[in-house]
Q: 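Dropping the structure in here first, questions after.
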Amino acid sequence: MSSSKALIKTLIKNPTRIKSKSQAKQLHAQFIRTQSLSHTSASIVISIYTNLKLLHEALLVFKTLESPPVLAWKSVIRCFTDQSLFSRALASFVEMRASGRCPDHNVFPSVLKSCTMMMDLRFGESVHGFIVRLGMDCDLYTGNALMNMYSKLLGIDSVRKVFELMPRKDVVSYNTVIAGYAQSGMYEDALRMVREMGTSDLKPDAFTLSSVLPIFSEYVDVLKGKEIHGYVIRKGIDSDVYIGSSLVDMYAKSARIEDSERVFSHLYRRDSISWNSLVAGYVQNGRYNEALRLFRQMVSAKVRPGAVAFSSVIPACAHLATLHLGKQLHGYVLRGGFGRNIFIASALVDMYSKCGNIQAARKIFDRMNLHDEVSWTAIIMGHALHGHGHEAVSLFEEMKRQGVKPNQVAFVAVLTACSHVGLVDEAWGYFNSMTKVYGLNQELEHYAAVADLLGRAGKLEEAYDFISKMRVEPTGSVWSTLLSSCSVHKNLELAEKVAEKIFTIDSENMGAYVLMCNMYASNGRWKEMAKLRLRVRKKGLRKKPACSWIEMKNKTHGFVSGDRSHPSMDRINEFLKAVMEQMEKEGYVADTSGVLHDVDEEHKRELLFGHSERLAVAFGIINTEPGTTIRVTKNIRICTDCHVAIKFISKITEREIIVRDNSRFHHFNRGSCSCGDYW
DNA sequence: CTAGGGTTAG
């Protein structure tokens with residue numbers, strides 16, 4: 001009996017001396033044997049159990065108490081919070097108050113955290129009122145918990161109010177306001193608080209830095225970031241997972257993916273966020289294949305991808321147009337129960353439309369129960385790319401009707417839609433409404449879309465004027481779209497003016513050289529052409545090879561123009577020859593104007609024959625069941641002659657053929673194309 | 001009591 005009393009005394013002073021479950025059970029048993037399980041000693045046993053996270057054992061003891069003392073309440077409430085049983089924590093708090101016990105300051109941090117996690121601001125505020133009435137609002141931990149709650153549920157202003165009223169502040173207090181400022185985009189204030197910390201003799205720790213680092217990745221200030229990286233290493237907290245993923249992300253966002261890789265490879269502990277920071281980093285830097293490789297590596301490292309991981313990798317499939325991988329990921333998404341996530345759904349809509357399956361994209365879009373400006377934009381862009389300009393425009397109108405305000409990206413999408421079907425007046429209306437109705441500035445992309453539209457519509461001079469008077473400095477690519485319009489509408493004079501504009505901005509623009517050479521050739525201007533060719537040779541420029549690829553049984557087959565190395569080449573040629581005979585019977589005449597001039601007519605036809613898109617289409621047809629849709633992707637614009645030829649092929653073979661070039665999709669069916677030959 | 005990664009365009 002007396003030894004138990006001594007034990008109780010030491011335990012009251014230091015209950016964490018009990019470190020294992022068996023020790024705790026032993027002690028508990030001893031109390032029961034000596035019949036000294038009073039309210040006080042029972043509370044101690046409870047707190048020992050809860051410190052060891054043994055909720056079940058603690059509750060068994062707790063239930064035996066008729067009127068549990070504060071220590072017992074406090075322990076179970078903290079344990080409930082600890083185990084994420086927030087509503088039970090709050091219920092216990094209510095019960096404690098009803099029993100007339102007055103909570104001490106140790107109870108509030110857990111209660112406030114539970115309110116935060118339950119997102120129950122009303123209850124939290126009433127607890128705050130209670131805290132003030134008890135005069136406990138000057139308690140450090142309680143104040144910190146209050147700030148955290150307001151930061152998550154109310155807003156930074158109330159956080160600041162609590163902070164300023166706190167008589168004593170520690171690192172956690174500062175970290176909480178700093179995170180609050182950083183998360184509300186008030187970067188200057190966040191950094192000011194970091195400096196203020198220093199003057200209060202508090203040193204920034206891992207929490208501080210992982211809140212501050214994302215600021216520099218958004219500012220893209222590598223220098224500041226590197227400075228922090230150095231500080232982190234000196235402090236020996238560079239292996240912190242939180243800091244690690246912030247660093248990976250920061251370097252990736254500053255286009256220094258090699259530094260991201262280095263940081264990642266030095267992390268000895270990696271969670272799903274560290275992995276995903278690098279996956280997302282690869283995607284942000286256009287390294288789609290590496291993103292997919294790392295994602296697979298993450299899965300085989302038994303790190304379960306979460307919702308964020310899927311919304312990071314799916315765009316990689318969209319860019320690569322790898323439908324089979326996209327479908328696989330879609331399957332994982334559904335099995336993981338992430339189908340309703342708006343980020344993922346938007347990414348899927350985009351992926352399916354970029355992989356050529358606009359119907360699947362639309363189905364996912366229609367099944368979403370909430371549409372934001374991103375998902376609207378994804379489906380509008382999808383229809384635009386597939387040549388459904390009118391549908392895209394009416395979706396844009398529907399978006400506005402539903403009260404979703406279009407952002408700058410949405411305008412890029414609707415202008416692109418107008419451009420692909422030649423809706424000139426509508427496009428002007430949208431372009432002007434940006435500033436007049438929505439207070440958005442027109443940026444390069446919007447100017448580029450309108451310039452493209454005017455050029456395609458054959459209003460070449462108007463397009464030239466428009467680009468010359470842009471409020472933003474035009475880039476080579478804006479002029480390039482006009483140049484190709486000049487070529488389509490056979491206006492050599494303007495093309496020369498445009499080409500000079502391009503060469504002053506980008507003297508190595510190979511596409512422009514090729515286009516100009518062809519135009520000179522078809523106009524019989526051999527001298528100018530020769531001069532241009534010499535310029536190209538002097539610069540040592542080479543033509544980007546045209547290539548097309550097609551997916552077959554989960555494998556991608558690539559074809560380069562004129563390259564005969566594919567094992568099926570004989571069968572492909574046999575097929576093309578047979579189909580060509582039929583085509584010519586039906587009126588096909590090879591359009592050789594797009595081919596360089598200095599070869600004879602017969603050879604020109606042969607060159608067209610070897611165009612990569614034609615090879616890929618042929619390969620697809622001979623390797624699939626009749627009636628199967630053929631999907632081909634090409635790295636540059638589809639050639640005029642191939643466009644005609646594939647129309648014939650679609651009719652003769654009764655196939656739907658979908659070709660994605662660098663700007664849009666062409667759906668060939670029964671001898672015609674969805675673009676209506678307007679492209 | 002406090003912290004990190006995500007979707008649409010180019």
Side-chain angles (χ1 to χ4, degrees), chain A residues 78 81 105-106 108-113 116 139-149 151-152 170-180 182-183 204-214 217 237 240-250 252-253 260 271-281 283-284 286 305-315 318-319 338 341-351 353-354 365 371-382 384-385 406-416 443-446 448-449 475 477-478:
Chain A
R78 193 193 292 155
T81 309
H105 61 91
N106 287 321
F108 292 115
S110 330
V111 174
L112 291 168
K113 184 179 180 173
T116 309
D139 174 61
L140 177 64
Y141 279 41
T142 304
N144 289 344
L146 271 173
M147 284 195 291
N148 184 46
M149 180 181 79
S151 160
K152 301 270 157 46
D170 68 352
V171 189
V172 176
S173 325
Y174 274 93
N175 287 344
T176 309
V177 264
I178 289 167
Q183 285 156 4
D205 64 2
F207 284 83
T208 327
L209 298 175
S210 54
S211 298
V212 162
L213 268 169
S217 48
I237 47 176
D240 182 279
V241 264
Y242 284 80
I243 292 192
S245 37
S246 294
L247 284 170
V248 168
D249 180 57
M250 183 203 68
K253 292 224 168 79
S260 301
D271 62 9
S272 72
I273 297 183
S274 352
W275 281 94
N276 193 61
S277 301
L278 190 55
V279 171
V283 175
Q284 284 149 11
V308 180
F310 286 110
S311 44
S312 307
V313 266
I314 292 170
H319 285 281
F338 301 122
N341 181 304
I342 191 160
F343 283 78
I344 294 176
S346 305
L348 284 171
V349 167
D350 182 58
M351 184 275 293
S353 76
K354 292 227 175 81
F365 178 82
H371 294 137
D372 62 359
E373 73 271 31
V374 176
S375 47
W376 278 108
T377 303
I379 195 67
I380 290 168
M381 196 65 194
L385 289 177
N407 61 13
Q408 281 160 323
V409 187
F411 276 102
V412 174
V414 76
L415 290 172
T416 304
E443 289 177 1
L444 183 69
E445 292 78 18
H446 308 103
T475 56
S477 72
V478 176

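What you see is a predicted model, and the numbers here were worked out from it, not measured in a lab. Chain A is the first sequence line, chain B the second, and so forth, proteins listed ahead of strands; every chain is numbered from 1.
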Q: Are OP1 or OP2 of B:dA9 and a side-chain N or O of A:K354 less than 4.0 angstrom apart?
A: yes

Q: Check every strand shown and say whether A:A413 touches a base, only sugar-phosphate, or nothing at a heavy-atom separation below 4.0 Å.
A: nothing

Q: Classify the side chain of A:N276 versus the base of B:dG6 as yes if they form a donor-acceptor pair under 3.5 Å and no if they do not.
A: no

Q: For the residue pair A:F365 and A:H371, does the interplanar ring angle fall in the parallel (under 30°), tilted (30 to 60°) or perpendicular (over 60°) class?
A: parallel

Q: Using the side-chain heavy atoms of A:K253, tell me which of these nucleotides is nearest: B:dC1, B:dG6, B:dA3.
A: B:dG6

Q: A:T176 and A:N148: side-chain donor and acceptor closer than 3.5 Å?
A: no

Q: Checking contacts here: which listed nucleotide (B:dC1, B:dG4, B:dT8) is nearest the side-chain heavy atoms of A:V409?
A: B:dT8

Q: Going by modelled atom types, is there a donor-acceptor pair between the base of B:dG4 and the side chain of A:S245 at under 3.5 Å?
A: yes

Q: Which part of the nucleic acid, if any, lies within reach of A:T142 when heavy atoms closer than 4.0 Å are counted: base, sugar-phosphate only, or nothing?
A: nothing

Q: Within the pair A:Q284 and B:dG6, is there a side-chain N or O less than 4.0 Å away from OP1 or OP2?
A: yes

Q: For A:D240, which contact category applies under a 4.0 Å heavy-atom criterion: base, sugar-phosphate, or nothing?
A: base

Q: Would you say A:K152 places a side-chain N or O within less than 4.0 Å of OP1 or OP2 belonging to B:dA3?
A: yes

Q: Looking across every strand, which nucleic acid part, if any, lies under 4.0 Å from A:T377 by heavy atom: base, sugar-phosphate, or nothing?
A: base

Q: Supply the atom-to-atom distance A:I178 CD1 to A:Y174 OH, rounded to the nearest 0.5 angstrom.
A: 8.5 Å

Q: Take the protein atom CD1 of A:I380 and the nucleotide atom P of B:dA9, then report the distance between them rounded to whole Å.
A: 12 Å

Q: Would you say A:Q408 reaches B:dT8's phosphate, i.e. side-chain N/O to OP1/OP2 under 4.0 Å?
A: no

Q: Does the side chain of A:N175 get closer than 4.0 angstrom to OP1 or OP2 of B:dA3 through an N or O atom?
A: no

Q: Grab the CD1-C1' distance between A:I342 and B:dG6 for me, whole Å please.
A: 13 Å

Q: Contact class for A:A206 (heavy atom, under 4.0 Å): base, sugar-phosphate, or nothing?
A: base

Q: Considering every strand and a 4.0 Å limit on heavy-atom distances, what is the contact class for A:V412: base, sugar-phosphate, or nothing?
A: sugar-phosphate

Q: Measuring only between side-chain heavy atoms, which start at C-beta, is A:I380 closer than 4.5 Å to A:T377?
A: no

Q: Any base atoms under 4.0 Å from A:E443, or only sugar-phosphate, or nothing? Heavy atoms, all strands.
A: nothing

Q: Does the B:dT2 base have a donor-acceptor partner in the side chain of A:T176 within less than 3.5 Å?
A: no

Q: If you only use heavy atoms from C-beta on, which nucleotide in B:dA3, B:dA9, B:dT7 is closest to the side chain of A:M381?
A: B:dA9

Q: Round to a whole Å and report the spacing from CD1 of A:I178 to P of B:dT2.
A: 15 Å

Q: Return the value, rounded to whole Å, for the distance between atom CD1 of A:I344 and atom C1' of B:dG5.
A: 13 Å

Q: Ignoring hydrogens and geometry beyond distance, is the side chain of A:S210 in donor-acceptor contact with the base of B:dA3 at under 3.5 Å?
A: yes

Q: When the distance from NE2 of A:H371 to C1' of B:dT8 is rounded to whole Å, what number comes out?
A: 13 Å

Q: Output the distance between atom CD1 (A:I237) and atom CG (A:D240), rounded to the nearest 0.5 Å.
A: 6.5 Å

Q: Taking atom types as they are modelled, would you say the side chain of A:N341 forms a donor-acceptor pair with the base of B:dG6 within the 3.5 Å cutoff?
A: yes

Q: Starting at atom CZ of A:F207, determine the distance to atom C1' of B:dA3, rounded to an integer number of angstrom.
A: 6 Å

Q: Using the side-chain heavy atoms of A:S311, tell me which of these nucleotides is nearest: B:dT8, B:dA3, B:dG6.
A: B:dG6

Q: Measure from CG on A:D350 to P on B:dA9 and round the result to the nearest Å.
A: 5 Å

Q: Using only heavy-atom distances, determine whether the side chains of A:D249 and A:S277 contain a donor-acceptor pair under 3.5 Å.
A: no

Q: Spell out yes or no: do the side chain of A:S246 and the base of B:dG4 have one donor N/O and one acceptor N/O closer than 3.5 Å?
A: no

Q: Side chains of residues 341-349 of chain A: which donor-acceptor pairs under 3.5 Å do they make with residues two or more places apart or in other chains?
A:
{"residue": "A:N341", "atom": "OD1", "partner": "A:F343", "partner atom": "N", "Å": "2.8"}
{"residue": "A:N341", "atom": "OD1", "partner": "A:I344", "partner atom": "N", "Å": "3.1"}
{"residue": "A:S346", "atom": "OG", "partner": "A:I342", "partner atom": "O", "Å": "2.8"}

Q: Using whole Å, report how far NE2 of A:H105 lies from C1' of B:dC1.
A: 13 Å

